[in-house]
Each structure stands twice: as C-alpha cells, then as structure tokens.
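The model shown is predicted, which means the values in this text are computed figures rather than measured ones.
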Amino acid sequence: QVQLVESGGGLAQAGGSLRLSCAASGRTFSSYAMGWFRQAPGKGREFVAAISWSGGSTYYADSVKGRFTISRDNAKNTVYLQMNSLKPEDTAVYYCTARSGGGVYYHPDSYDYWGQGTQVTVSS
C-alpha cells in the first residue's frame, strides 16, 4: 500500500513557476514508477509526466515538454514536478500517481495509487 500526498499548488501568473511535491508513504517507494496527471474543469484526466523507478527515464506530454521537469528523490520518498513558463491552460487539479508495473505510462488505468490532488491556477 502506498499513500501519496501532493503539495505546492497555488496561484501563479502566466510565465511564472511552481514546484509540486508528492510525498509517498511506505518503504517500497523506489520500486514504483511515478507519474503526474491533471484534470481541468469539464475535462478528462490528462497525462503530464512520468518517471521510472530509478529516475533514469522520464516522459512528458507534448503540451508540457520543455517547460515541466519531473524528478524523484528515493531517499526522501518524494517525486517533484517543476513547472516553468506556466500558461493559463495549465490550470487544473494535479494528481500524483504510482505504478507498480505493467501498462503504459501515459494511461491513467496503468496506475495503482493516486493522491488527493492539488489545485494549480494560472492567471493571464
């Protein structure tokens, strides 16, 4: 069992930055691939970024590539999402997720555990 708690959301201006953190419980954190998804009002859950268990491989949605960076610190049981050059269309609830294996990194059904989400609002 893994519990995920996101933090770091809030209000930012267009062009600004925010850093999301996701603290995971459990001693097996390093065995999970991790991901970030987001959901805007009236829309489905959208893949944002993913990182392998070792941190050696990262994946991004085209909409955030070059602006967002996912990273992890297995010693701290934490995964991060650094968001730069924010745009109003990045406004959404952001969810941290954990995947034990199998499936594809960009599909929400591949993930076993989800955090409660943190709101990110970008003003123009």
Side-chain angles (χ1 to χ4, degrees):
Q1 189 78 9
V2 176
Q3 292 186 323
L4 305 171
V5 179
E6 302 98 334
S7 61
L11 178 64
Q13 291 189 331
S17 298
L18 284 173
R19 187 195 197 201
L20 304 184
S21 298
C22 173
S25 65
R27 291 175 288 182
T28 59
F29 173 75
S30 60
S31 65
Y32 287 87
M34 302 296 294
W36 288 94
F37 284 74
R38 66 187 182 186
Q39 187 165 18
K43 296 188 176 181
R45 201 158 287 192
E46 175 190 22
F47 169 73
V48 176
I51 189 167
S52 62
W53 65 270
S54 67
S57 297
T58 56
Y59 311 90
Y60 298 94
D62 287 344
S63 58
V64 307
K65 200 171 294 183
R67 300 188 298 122
F68 290 11
T69 302
I70 188 171
S71 62
R72 68 188 295 162
D73 185 338
N74 286 343
K76 296 183 178 180
N77 280 14
T78 302
V79 63
Y80 305 97
L81 186 68
Q82 177 67 44
M83 305 186 295
N84 298 329
S85 302
L86 284 163
K87 303 176 181 180
E89 50 264 44
D90 294 320
T91 295
V93 176
Y94 283 71
Y95 296 91
C96 175
T97 64
R99 181 165 64 94
S100 60
V104 292
Y105 64 85
Y106 52 82
H107 200 292
D109 289 349
S110 299
Y111 291 82
D112 306 297
Y113 303 101
W114 293 78
Q116 82 287 351
T118 186
Q119 177 71 47
V120 170
T121 302
V122 183
S123 62
S124 57

Greater than 12 external heavy atoms within 6.0 Å of Glu89's CD: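 Result for CD/Glu89: enclosed.
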Other residues, nucleotides, ligands: >12 heavy atoms within 6.0 Å of Tyr106 OH: no
Stepwise salt bridge (Lys or Arg N to Asp or Glu O under 4.0 Å) test for Lys87 and Asp90: CA-CA 5 Å; Lys87 303 176 181 180; Asp90 294 320; over 6 Å; no
Partner residues of Trp114 under the ring-ring contact (aromatic ring centres under 6.0 Å, His included) criterion, sequence neighbours left out: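 Partners of Trp114 under the ring-ring contact (aromatic ring centres under 6.0 Å, His included) test: Phe37.
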Residues which pass side chain to side chain donor-acceptor pair (under 3.5 Å) with Gln119, listed by chain and number, not counting sequence neighbours: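 Listed in chain order: Thr121.
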Side chain to side chain donor-acceptor pair (under 3.5 Å) involving Asp109 - partner list, sequence neighbours excluded: none
side-chain contact (heavy atoms from CB on, under 4.5 Å) against [X], all qualifying residues, sequence neighbours excluded:
X     : value
Gln3  : Ser25
Thr28 : Ser31, Tyr32
Gln82 : Ser17, Arg19, Thr69, Asn84

N/O donor-acceptor pair under 3.5 Å between Arg72 side chain and Ser52 backbone: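 Checking the backbone N and O of Ser52 against the side chain of Arg72, a donor-acceptor pair under 3.5 Å is found.
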Donor-acceptor contact below 3.5 Å, side chain Arg67 vs main chain Ser85: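 Confirmed, Arg67 side chain pairs with Ser85 backbone.
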Check against side-chain contact (heavy atoms from CB on, under 4.5 Å), Val2 and Phe29: CA-CA 8 Å; Val2 176; Phe29 173 75; 5.6 Å; no
Atom pair OG1/CG of Thr118 and Leu18 - distance to nearest 0.5 Å: 9.0 Å
Interatomic distance, Leu81 atom CG to Ser21 atom OG [nearest 0.5 angstrom]: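 Leu81 atom CG to Ser21 atom OG measures 9.5 Å (nearest 0.5 Å).
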Pairs where [range] contributes a residue and the test disulfide (SG to SG under 2.5 Å) is met, not counting sequence neighbours:
range           : answer
residues 47-81  : none
residues 26-95  : none
residues 50-85  : none
residues 63-124 : Cys22-Cys96

Minimum heavy-atom distance between Ala24 and Leu4, given as atom pair plus value: CB-CD2, 3.6 Å
Shortest non-hydrogen contact between Ala40 and Thr91, atoms and distance: CB-O, 3.7 Å
Check against side-chain contact (heavy atoms from CB on, under 4.5 Å), Glu6 and Gln116: CA-CA 7 Å; Glu6 302 98 334; Gln116 82 287 351; 2.8 Å; yes
Cluster link Tyr111 to Val48, ILVMFWY, side chain under 4.5 Å: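 No, separate clusters.
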Same apolar cluster: Val64 and Phe47, side chain cutoff 4.5 Å: no
Candidates Ser123, Pro88, Ser124 - the one meeting side chain to side chain contact (heavy atoms under 4.5 Å, CB included) with Gln13: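 Option passing the side chain to side chain contact (heavy atoms under 4.5 Å, CB included) with Gln13: Ser123.
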Qualifying salt bridge (charged side-chain N to carboxylate O under 4.0 Å, His left out) pairs with a residue from residues 41-58, counting only residues at least two apart or across chains: Arg38-Glu46
Within residues 57-103 or reaching into it, pairs that qualify as ring-ring contact (aromatic ring centres under 6.0 Å, His included) - sequence neighbours excluded: Tyr59-Tyr105
